[in-house]
Enquirer: 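After the structure tokens below, expect a handful of questions from me.
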Amino acid sequence: MFFDQLSLARQLDIVFKELHQELSELSSGTIFVQIRNNVIGKFGVRHLPLEGTDGKVEPKGSGLTDIQQRTFQKMALDALKYKTNWTHGEINLDFTVRQNKLCASVQFESNYNMSNLLMRKTN
């Protein structure tokens with residue numbers, strides 16, 4: 001199956017499925033999704049490095065629960081409604097857990113190529 005045959009929403013479902021284990025170990029970070037021609041290429045999670053004191057790394061806290069991950073995924077899918085007219089760019093999904101509540105935000109970055117625009121204008 002080719003990803004260009006899948007909707008962006010379905011591709012985002014696949015991203016969340018792939019990241020499930022990693023998100024279950026993180027309580028904050030940013031999921032990034034790079035898009036080219038409405039196809040997700042590179043994706044992953046940016047998060048703060050492990051912290052330690054006295055030369056010892058502290059044990060990990062709990063990450064996102066299954067319910068929090070489903071809620072976060074639904075929010076990400078709902079946010080796709082605000083992606084308009086661009087086919088290249090990046091979506092950043094920031095998340096953190098505060099007092100056992102998921103807080104999240106979405107940032108869109110659209111990318112355009114000047115040479116493509118100039119070619120369309122001259123044809």
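Residue indices begin at 1 and follow the sequence shown.
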Enquirer: For the residue pair Phe72 and Phe95, categorise the inter-ring angle as parallel (less than 30°), tilted (30 to 60°) or perpendicular (more than 60°).
Expert: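 Judged by the thresholds at 30° and 60°, the geometry between Phe72 and Phe95 is tilted.
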Enquirer: Any side-chain heavy-atom pair from Leu77 and Phe16 closer than 4.5 angstrom?
Expert: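 Side-chain contact under 4.5 Å: no.
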Enquirer: State the CD-CZ distance between Gln5 and Arg10, to the nearest 0.5 angstrom.
Expert: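 Between Gln5 CD and Arg10 CZ, I get 13.5 Å after rounding to 0.5 Å.
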Enquirer: Which heavy atom of Lys83 sits nearest to which heavy atom of Asn38, and what is that distance?
Expert: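 Here Lys83 and Asn38 meet closest at NZ-OD1, 2.9 Å.
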Enquirer: Quick check: do Leu80 and Ile91 have side-chain heavy atoms less than 4.5 Å from each other?
Expert: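 Of all side-chain heavy-atom pairs linking Ile91 with Leu80, at least one is under 4.5 Å.
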Enquirer: Considering only heavy atoms from C-beta outward, does the side chain of Leu23 approach that of Ile31 to under 4.5 Å?
Expert: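 With C-beta onward as the side chain, the pair touches.
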Enquirer: Grab the two heavy atoms, one from Ser62 and one from Ser27, that are nearest each other, plus how far apart they are.
Expert: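 The pair with the smallest heavy-atom distance is O-CB, 3.7 Å.
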Enquirer: In plain terms, say whether Lys17 and Asp13 are close enough for a salt bridge, that is, a side-chain N and a carboxylate O under 4.0 Å apart.
Expert: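 No, no charged N to carboxylate O under 4.0 Å.
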Enquirer: Which distance, rounded to the nearest 0.5 Å, do you find between the CZ of Phe43 and the CG of Leu19?
Expert: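 It is 5.5 Å, given to the nearest 0.5 Å.
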Enquirer: Examine the side chains of Asp66 and His20 and answer whether a donor and an acceptor come within less than 3.5 Å of each other.
Expert: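 Side chains of Asp66 and His20: pair found under 3.5 Å.
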Enquirer: Extract all donor-acceptor atom pairs below 3.5 Å that involve side chains of residues 102-111 and protein atoms in other chains or at least two apart in sequence.
Expert:
unit_1, atom_1, unit_2, atom_2, d
Glu109, OE2, Asn111, ND2, 3.1

Enquirer: Set out, in order, the CA-CA distance, both residues' side-chain angles and the distance that settles side-chain contact (heavy atoms from CB on, under 4.5 Å) for Val33 and Leu12, then state yes or no.
Expert: CA-CA 8 Å; Val33 178; Leu12 200 55; 4.0 Å; yes
Enquirer: Considering non-hydrogen atoms only, spot the tightest contact between Val45 and Glu22 and give its length.
Expert: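 Shortest heavy-atom contact: CB-OE2, 3.8 Å.
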Enquirer: Work out which heavy atom in Gln69 is nearest to a heavy atom in Leu64; give both atom names and the distance.
Expert: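 The answer is NE2-O, 3.5 Å.
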Enquirer: Hey, are the side chains of His47 and Ser28 touching, using non-hydrogen atoms and a 4.5 Å cut-off?
Expert: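 Heavy-atom side-chain distance check fails, nothing below 4.5 Å.
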Enquirer: Among residues two or more places apart or on two chains, list those pairs meeting salt bridge (charged side-chain N to carboxylate O under 4.0 Å, His left out) that have a residue in residues 87-99.
Expert: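 Sorted pair list: Arg46-Glu90.
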Enquirer: Applying the 4.5 Å side-chain criterion to the ILVMFWY set and letting contacts propagate, would Tyr82 and Met75 be lumped into a single cluster?
Expert: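 Yes, same cluster.
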Enquirer: Hey, are Glu25 and Gln21 close enough side-chain-wise for a donor-acceptor pair under 3.5 Å?
Expert: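 Short answer, yes.
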Enquirer: Within this structure, what is the CG-CD1 distance for the pair Leu6 and Ile40, rounded to the nearest 0.5 Å?
Expert: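 Reported to 0.5 Å precision, the distance equals 9.5 Å.
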Enquirer: Are Asn37 and His88 packed together at the side-chain level, in the sense that at least one heavy-atom pair is separated by less than 4.5 angstrom?
Expert: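 They are in side-chain contact.
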Enquirer: State, to 0.1 Å, how close Thr87 and Ile35 come at their nearest heavy-atom pair, and which atoms those are.
Expert: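 Heavy atoms only, the tightest pair is O-CG2, 3.4 Å.
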